[in-house]
Amino acid sequence: QVQLVESGGGLVQPGGSLRFSCRASGIGVRIYDMGWYRQAPGKQRELVAAITSGGSTDYVDSVKGRFTISRDRPKNTVYLQMNSLNAEDTAVYYCNAAFTRFIYWGQGTQVTVSS
């Protein structure tokens, strides 16, 4: 059974930082392309950051320079370090794993940026 278990969300003040973890079981993060998506109220889900099986990373323009995606192969975990958070980053964040036709999602975790 494949599971992506997320942790690290919460309430943070503008300018603050959070770090997400996505621990995978049943699949290897070194094989899958891994990503973090987010969905804000009334908006479509968007890809925020991605790391391929080869280690290449990509980010949506709005988070470039602020967010960093990384992967720990021995721990089978993917991280998203988020710095300089602002209100526009408020959303539910989802971990995603994709390999050919196999796609898996985490349960989602809320991030609220507010003073």
Checklist entry - For the hydrophobic clusters of this structure (ILVMFWY residues joined by side-chain heavy atoms under 4.5 Å, transitively), does one cluster hold both Ile31 and Ile69? => result yes
Checklist entry - Has the side chain of Tyr59 got a donor or acceptor atom that lies under 3.5 Å from a matching backbone atom of Gly65? => result no
Item to check | Sequence neighbours excluded - salt bridge (charged side-chain N to carboxylate O under 4.0 Å, His left out) pairs with any residue from residues 68-80 | outcome: none
Item to check | Ala98 to Ile103 - nearest heavy-atom pair and separation | outcome: CB-CG1, 4.3 Å
Checklist entry - Does any non-hydrogen side-chain atom of Gln107 lie less than 4.5 Å from one of Leu4? => result no
Next on the checklist: Quick check on the hydrophobic clustering: are Phe102 and Ile27 connected, directly or via other members, by side-chain heavy-atom contacts under 4.5 Å?
Outcome noted: yes
Next on the checklist: My understanding is that only residues two or more places apart in sequence, or in another chain, count here; which of them pass salt bridge (Lys or Arg N to Asp or Glu O under 4.0 Å) with Lys64?
Outcome noted: Asp61
Next on the checklist: Measuring only between side-chain heavy atoms, which start at C-beta, is Thr77 closer than 4.5 Å to Val29?
Outcome noted: no
Item to check | Separation of Leu11 CG from Gln110 CD (nearest 0.5 Å) | outcome: 9.5 Å
Next on the checklist: Per the side-chain hydrogen bond (donor to acceptor under 3.5 Å, both in side chains) rule, what does the pair list look like for residues 25-35, sequence neighbours excluded?
Outcome noted: none
Item to check | Arg45 atom CZ: more than 12 heavy-atom contacts under 6.0 Å | outcome: yes
Checklist entry - Can you check side chain to side chain contact (heavy atoms under 4.5 Å, CB included) on Val111 and Met82, steps first, answer last? => result CA-CA 11 Å; Val111 170; Met82 304 184 292; 4.1 Å; yes
Item to check | Connected via hydrophobic side-chain network under 4.5 Å: Tyr104 and Val78 | outcome: yes
Checklist entry - Considering residues at least two apart in sequence or located in another chain, which fulfil the side-chain contact (heavy atoms from CB on, under 4.5 Å) criterion with Ser7? => result Ser21
Item to check | Under the ring-ring contact (aromatic ring centres under 6.0 Å, His included) test, residues paired with Tyr37 that sit two or more places apart | outcome: Trp105
Checklist entry - With side chains defined as the heavy atoms from C-beta onward, is the minimum distance between Pro14 and Asn86 less than 4.5 Å? => result no
Item to check | disulfide (SG to SG under 2.5 Å) contacts in which one or both residues fall within residues 46-115, not counting sequence neighbours | outcome: Cys22-Cys95
Next on the checklist: Would you say that Val60 contacts Leu47 through its side chain, given a criterion of any heavy-atom pair below 4.5 Å between the two side chains?
Outcome noted: no
Checklist entry - Which pairs with one or both residues in residues 65-87 pass ring pair (Phe, Tyr, Trp, His ring centres under 6.0 Å), sequence neighbours excluded? => result none
Item to check | side chain to side chain contact (heavy atoms under 4.5 Å, CB included) assessment of Ser17 paired with Asn83 | outcome: CA-CA 4 Å; Ser17 298; Asn83 299 326; 2.9 Å; yes
Checklist entry - Given the rule that I, L, V, M, F, W and Y join up when any side-chain heavy atoms are under 4.5 Å apart, are Tyr94 and Val63 in one cluster? => result no
Item to check | Pairs involving residues 91-115, ordered by first then second residue, that meet salt bridge (charged side-chain N to carboxylate O under 4.0 Å, His left out) (sequence neighbours left out) | outcome: none
Checklist entry - Measuring from Leu80:CG to Thr109:OG1, what's the distance to the nearest 0.5 Å? => result 11.5 Å
Checklist entry - If you look only at pairs with a residue in residues 5-17, which of them pass as a salt bridge (charged side-chain N to carboxylate O under 4.0 Å, His left out), with sequence neighbours excluded? => result none
Next on the checklist: By the disulfide (SG to SG under 2.5 Å) test, which pairs, at least two apart or in different chains, include something from residues 48-80?
Outcome noted: none
Checklist entry - Would Met34 end up clustered with Val5 when hydrophobic side chains under 4.5 Å apart are linked, directly or stepwise? => result no
Next on the checklist: If the condition is ring-ring contact (aromatic ring centres under 6.0 Å, His included), which residues does Phe20 pass it with, not counting sequence neighbours?
Outcome noted: Trp36, Tyr93
Item to check | Short side-chain to backbone donor-acceptor contact, Asn76 and Ala24, under 3.5 Å | outcome: yes
Next on the checklist: Which residues pass the salt bridge (Lys or Arg N to Asp or Glu O under 4.0 Å) test with Arg38, not counting sequence neighbours?
Outcome noted: Glu46, Asp89
